[in-house]
Amino acid sequence: MEKTLIKKIIRNPQEYINKRLKLNGWVKTVRSSKAFGFIELNDGSIFTNLQVVFEEGLSNFSEISKLLISSSLEVEGILVESPGAKQPFELKAEKIEILGTSSQDYPLQKKRHSFEFLRSMAHLRPRTNTFSAVFRVRSIVSYAIHKFFQERGFVYVHTPLITGSDAEGAGEMFRVSTLDLANLPKGEKGSIDFSQDFFGKETNLTVSGQLNVETYCMAFNRVYTFGPTFRAENSNTPRHAAEFWMVEPEIAFADLQDNMALAEDMLKYVINYVLENAPEEMEFFNKFIDKTLFNRLKNIVDSDFAQITYTEAIDLLKKVNDKFSYPVEWGCDLQTEHERYLTEKVFQKPVFVINYPKDIKAFYMRLNEDDNTVAAMDLLVPGVGEIIGGSQREERLDVLEKRMEDLGLNKEDYWWYLEIRKYGGTKHTGYGLGLERLIMYLTGMTNIRDVISFPRTPKNAEF
RNA sequence: UCCUCGAUAGCUCAACGGUAGAGCAAUCGGCUGUUAACCGAUAGGUUGUAGGUUCGAAUCCUACUCGGGGAGCCA
């Protein structure tokens, strides 16, 4: 007999009602009395459980009554309308085969656990409601991102995870090496001789695919990367991880305004897609994780994102300087408290801050007419803070070289990056979206460690 | 990395210098429609680690480890 997925039953009950079905799943909870009992069964196909009713006529009734949480079953029975209030239908079991028993020391209970506790068992937490919802949404969000870009003709580029350019400037890097740590080859001045290493030079894990993807942008026009990124920063916050996923689109013949339009379209598209394709999960988040979630997301889909220049933002923040522990001044980077004030108090929706002072931004960002600011943009969202960072890139070779000289960067290290300006360079622009931050924003989860299956953070690489 | 708070039963917590407790989970029993089922009973502990103060330390002090929150860095 063919097996039926619970998702199909719930999406299309009239097709299955009063029919004999066979299904597999795991026990979420058992409530039994003398002559009958209830099992909530989840088969992983959908967030929702199916209630199975079993009666003492079954040959293994007493074993079933004592089933421990997370035991795996094969159940055969008839789908009937349920007299209970909390579910429209249930499976009246005719045969229940126990495929895998659980153990009495199974740590997950049918009550709420703290996320801290669940982090200590990353191998079991996907079985809980919250993590089941988070990781199905993560999968759906990832698909929606691909769908968005593919529908618009973007080419998906796989940029390398191992990089030879050691000065991408976006943070501390993890070294990649096959050298014997206990016996490092030394050069003339006592420094490590990387010519004997696997790649014959110093290599690291990438902190961004941007420089590489820019080269493909100059061939395909509209491209994006979507993959893991590594930062060895000793950051201990709910928003940072050593390994995370980033989406980096790059578009040619386009400027900063086009870039922001793309970012806004993408966010709205993903939100709509997730609301439509993960209704049970999103309902759960709105009910148990963040009661303002639906209002917040609808507010975003329905409104135009705000836009403000860095200089305007500073003027605005200066008027309320007494609210901050760090007063603002033109030339300073915005502190978290300033960003939150802008997006949560002033605009109460996502806001792009653009045209930052060149001295606090990366070398590749395009210098504005004023010679003082660059065409950068950060998208700030309430609750999470910076979710996207991007810029129009400096396409003028002489200006770019001048910038690198001013910053003391070695041009030889970037020879191929500079050559794409030399051969038919054109204005282009792109941004980086932190996938985990987007998922936090979409689910109301407040710690990045709870939206990555096996999070890597300082002093933590178990599992 | 800095500031701050914390670590007691499997989980969530109480005990605040004088014999370590409760609810839930587990185990056993009861219950004919449950919904975090309910009712009764049983069992469960070197109080994060290492030192110190004290007649006596879960409780006070020091260091360390790990975790939460905040900051910096950023996505």
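In what follows, chains are A, B, ... by sequence order, proteins preceding strands, each numbered from 1.
- Rounded to the nearest Å, the gap between the C1' atom of B:G17 and that of B:G23 is 28 Å.
- One finds a side-chain N or O of A:Q335 lying less than 4.0 angstrom from the OP1 or OP2 phosphate oxygen of B:G72.
- Contact annotation for A:R119: backbone-only contact, meaning every heavy-atom pair under 4.0 Å involves sugar-phosphate atoms and none involves a base.
- On the P atoms, B:G45 is 37 Å away from B:U4, given to the nearest whole Å.
- Between B:C31 and A:K34, a contact under 4.0 Å exists linking OP1 or OP2 to a side-chain N or O.
- If you check the side chains of A:N42 and A:N49, you find a donor sitting under 3.5 Å from an acceptor.
- The shortest distance between the side-chain N/O atoms of A:T336 and the OP1/OP2 oxygens of B:G72 is below 4.0 Å.
- Residues A:G434 and A:P238 both approach RNA chain B. Their nearest nucleotides, taken by heavy-atom distance, put A:P238 toward the 5′ side.
- The gap from the P atom of B:U27 to that of B:G44 amounts to 16 Å, rounded to the nearest Å.
- Residue-level contact check: A:Q109 touches the bases, meaning some heavy atom is under 4.0 Å from a base atom.
- Note on A:I69: nothing from the nucleic acid sits closer than 4.0 angstrom, heavy atoms only.
- Of the P atoms belonging to B:A15 and B:G68, the separation is 24 Å, rounded to the nearest Å.
- Nucleotides B:C11 and B:U46, compared at atom P, are 13 Å apart to the nearest Å.
- Within the 4.0 angstrom heavy-atom criterion, no nucleotide atom of any strand lies near A:E337.
- Evaluation of atom-type donor-acceptor distances gives a pair under 3.5 Å for the side chain of A:Q51 against the base of B:U34.
- In this entry B:U42 has B:A26 as its Watson-Crick or G-U wobble partner, both defining distances falling under 3.5 Å.
- Considering A:I6, A:N12, A:L5 in turn, A:L5 is the only one that fulfils the side-chain contact (heavy atoms from CB on, under 4.5 Å) rule with A:K8.
- In this structure, A:F244 forms an aromatic stack with the base of B:A75, since both conditions hold: centre separation below 5.5 Å and plane angle below 30°.
- The aromatic rings of A:Y414 and A:Y417 stand perpendicular to each other, their planes meeting at an angle above 60°, with 30° marking the opposite boundary.
- Going from the P atom of B:U59 to that of B:A41 covers 33 Å, rounded to whole Å.
- Residue A:E56 is out of contact with every strand shown, counting any heavy-atom pair closer than 4.0 Å.
- Counting non-hydrogen atoms under 4.0 angstrom, A:P107 reaches nothing in the nucleic acid.
- Of the residues near RNA chain B, A:K66 and A:A35, the one whose nearest nucleotide (by heavy atom distance) lies more toward the 5' end is A:K66.
- Look at A:N234 and you won't find any side-chain N or O under 4.0 angstrom from OP1 or OP2 of B:C2.
- Backbone-only engagement by A:G432 is indicated by non-hydrogen atom pairs under 4.0 Å involving sugar-phosphate atoms exclusively.
- Within the nucleic acid shown, A:F117 comes within 4.0 Å of sugar-phosphate atoms alone, with no base atom in reach, counting heavy atoms only.
- Taking the centre and axis of the six-membered ring of A:Y269, the NZ or CZ atom of A:R152 falls inside the cone set by 45° and 6.0 Å.
- The distance between the ring centers of A:Y224 and A:Y156 falls below 6.0 angstrom.
- Applying the 4.0 Å criterion to OP1 and OP2 of B:C24, one finds that A:R112 has every side-chain N and O outside that range.
- Only the P atoms considered, B:A36 is 15 Å distant from B:A26, to the nearest whole Å.
- Taking atom C1' on both nucleotides, B:G18 is separated from B:U54 by 12 Å, rounded to a whole Å.
- No side-chain heavy atom of A:K323 sits less than 4.5 Å from a side-chain heavy atom of A:N321.
- Residue side chain A:E116 does not reach the base of B:G6 through any donor-acceptor N/O pair under 3.5 Å, judged by distance alone.
- For A:K86, a side-chain nitrogen or oxygen approaches OP1 or OP2 of B:A36 to under 4.0 Å.
- OP1 or OP2 of B:U12 sits under 4.0 Å from a side-chain N or O of A:S114.
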